[in-house]
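The structure appears below as structure tokens.
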Amino acid sequence: MPKREKKQPKGHEWRHIENKKLVYTVYFVLRLSVVLMLVAQFFNGNFENVLLCVLTLVLFMLPSMFERRLHIDLPDTLEVIILLFIYAAEILGEIQSYYTQFHYWDTMLHTMNGFLCAAIGFALVDILNREEKVSLHLSPFFMAVTAFCFSMTIGVLWEFFEFSMDQFLLFDMQKDTVINTISTVNLDPNHGTAAVIVKGIQDVILVLEDGTQMPLGLGGYLDVGIIDTMKDLFVNFIGAVVFSTIGYFYVKGRGKGGFARRFIPRFQRKPAAQAAQPKDAPPQDGQAPEKPE
């Protein structure tokens, strides 16, 4: 009897299969590193870090899961950057304390987040623009604007999440900033709206409920979160603008830009024109012939 062929999932035959050796190598190395970190944190009794490692392993599986479920093809460059982004944020940033050791670390990740989210938002609009069943036909300019708005929305929602964690669980995800100058209407002696400027602040002394005084010794006034939040949104804005501009010229030239193609996921379901094509018709350019049952 002839060997029975394994049935492939619906839509699998229409996906573009790339050389994923680089992605698999990066995935294996990062996953092994996280597993070793998980074991070390478990024996050290840092169970909060153990949960972060488990979360990281789950996040690592999302790109391939989205590819299978949504029938999309993530370019190798985009997939590798997503994996490195997750590792840099959770393992290096949180567990290895890169957020506090390197002040630019958080800024770098938020800039990359703005860039990547704009790429994803651009891909979503581009897929809908090409889908025959959807009556959506946006110009390249409005596609770029939509991608920009998508990226900024994700950035704002993340800042909402950080604020909520700080308010309800006291996590301090919105890192504080030490400043030497403040301007506030709360110090107006007339209780009006005139801002009083205080310069040259070198220390702040906290007076607790029991009268205990605790100097902070930070060399200035402690700003609670707002500067960090606005900086994150600003660099997210920069990343979103950069990719939206790249995407605009990519669509304007209808896919001629090789750089943008490395970051834009592609829809891999069978086009409607191919679905209506007779079985005995010759395959179109770039289409693999179907195997006989």
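Heavy-atom basis, side chains included; hydrogens, waters and symmetry copies ignored. Treat the numbers as computed from the prediction; the structure is a model and nothing was measured.
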(Q) Can you give me the closest heavy-atom contact between P63 and I82, atom names plus distance? (A) CG-CG2, 4.0 Å

Q) What distance do L170 atom CG and M165 atom CE have between them, rounded to the nearest 0.5 Å? A) 11.0 Å

**Q.** Rounded distance (nearest 0.5 Å) linking atom CG of L30 with atom OG1 of T25
**A.** 10.5 Å

(Q) Do L92 and V80 land in one hydrophobic cluster if side-chain heavy atoms of ILVMFWY residues count as linked below 4.5 Å? (A) yes

Q.
As an exercise, state the distance from CG of L83 to CZ of R31, rounded to the nearest 0.5 Å.
A. 11.0 Å

Q) What pair of heavy atoms forms the shortest contact from A118 to A147, and how long is it? A) O-CB, 3.4 Å

(Q) Looking at every non-hydrogen atom in both residues, tell me the closest pair between E67 and L74 and how far apart they are. (A) OE2-N, 2.9 Å

**Q.** Contact summary for N180 and G219, nearest pair of heavy atoms
**A.** ND2-O, 2.9 Å

Q) Considering only heavy atoms from C-beta outward, does the side chain of N236 approach that of M152 to under 4.5 Å? A) yes

(Q) Run F122 and I246 through side-chain contact (heavy atoms from CB on, under 4.5 Å) and show every step you take. (A) CA-CA 10 Å; F122 200 93; I246 294 173; over 6 Å; no

Q) For the residue pair T181 and G200, what are the closest heavy atoms and their distance? A) OG1-N, 4.3 Å

Q | Partner set under salt bridge (charged side-chain N to carboxylate O under 4.0 Å, His left out) for E159, not counting sequence neighbours | A | none

Q. Does a side-chain heavy-atom distance below 4.5 Å link F163 with T229?
A. no

Q. Under the criterion side-chain contact (heavy atoms from CB on, under 4.5 Å), which of L57, N46, I95 is the partner of L52?
A. I95

Q. Between T177 and D228, what is the shortest heavy-atom contact and its length?
A. OG1-N, 4.3 Å

Q) Among the clusters formed by ILVMFWY side chains lying less than 4.5 Å apart, do V34 and Y98 turn up in the same one? A) yes

Q) When you measure from the side chain of W105 to the backbone N and O of A88, does any donor-acceptor pair fall under 3.5 Å? A) yes

Q) Considering only heavy atoms from C-beta outward, does the side chain of L206 approach that of V204 to under 4.5 Å? A) yes

Q: Dump the intermediate steps for side-chain contact (heavy atoms from CB on, under 4.5 Å) on F263 and I81, then the final yes or no.
A: CA-CA 9 Å; F263 297 92; I81 290 179; 3.4 Å; yes

Q. Heavy-atom distance under 4.5 Å between the side chains of K175 and D106, does that happen here?
A. no

Q: Look at the rings of F237 and F234 and say which category their plane angle falls in: under 30° parallel, 30 to 60° tilted, over 60° perpendicular.
A: parallel

Q: Enter the distance from D76:CG to L22:CG here, rounded to the nearest 0.5 Å.
A: 6.5 Å

Q. Hey, does F161 have a side-chain heavy atom less than 4.5 Å from the side chain of W158?
A. yes

Q: Mind checking the CD1-CD spacing from I226 to Q174? Nearest 0.5 Å is all I need.
A: 7.5 Å

**Q.** Backbone of Q96 reached by a side-chain donor or acceptor of Q101 within 3.5 Å
**A.** yes

**Q.** Close side-chain approach of F150 to T146, heavy-atom, < 4.5 Å
**A.** no

(Q) Are V242 and I120 connected into the same hydrophobic cluster when the rule is that any two of I, L, V, M, F, W, Y join if their side-chain heavy atoms are below 4.5 Å apart? (A) no

Q) With hydrophobic residues grouped by side-chain heavy-atom distances under 4.5 Å, do V29 and V35 end up in a single group? A) no

Q) Do L116 and L78 pass the side-chain contact (heavy atoms from CB on, under 4.5 Å) test, and can you show the C-alpha distance, the side-chain angles, and the key distance before you say yes or no? A) CA-CA 8 Å; L116 293 178; L78 176 63; 3.6 Å; yes

**Q.** Heavy atoms of other groups near E48 CD, more than 12 under 6.0 Å
**A.** no

Q. Hey, is the main chain of G114 close enough, under 3.5 Å, to the side chain of S151 for a donor-acceptor pair?
A. yes

Q) Among the clusters formed by ILVMFWY side chains lying less than 4.5 Å apart, do V39 and L51 turn up in the same one? A) no

(Q) Please report the interatomic distance CG(D203) to OH(Y221), rounded to the nearest 0.5 Å. (A) 13.0 Å

Q. Hey, are the side chains of F142 and V125 touching, using non-hydrogen atoms and a 4.5 Å cut-off?
A. no

Q) Quick one: does C53's side chain get under 4.5 Å of I91's, heavy atoms only? A) yes

(Q) Using side-chain contact (heavy atoms from CB on, under 4.5 Å), reason through V178 and L216 one step at a time and then give a plain yes or no. (A) CA-CA 11 Å; V178 177; L216 295 182; over 6 Å; no

(Q) Applying side chain to side chain donor-acceptor pair (under 3.5 Å) to Y87 and S33, what does each step give before you reach the verdict? (A) CA-CA 10 Å; Y87 187 85; S33 173; 2.7 Å; yes

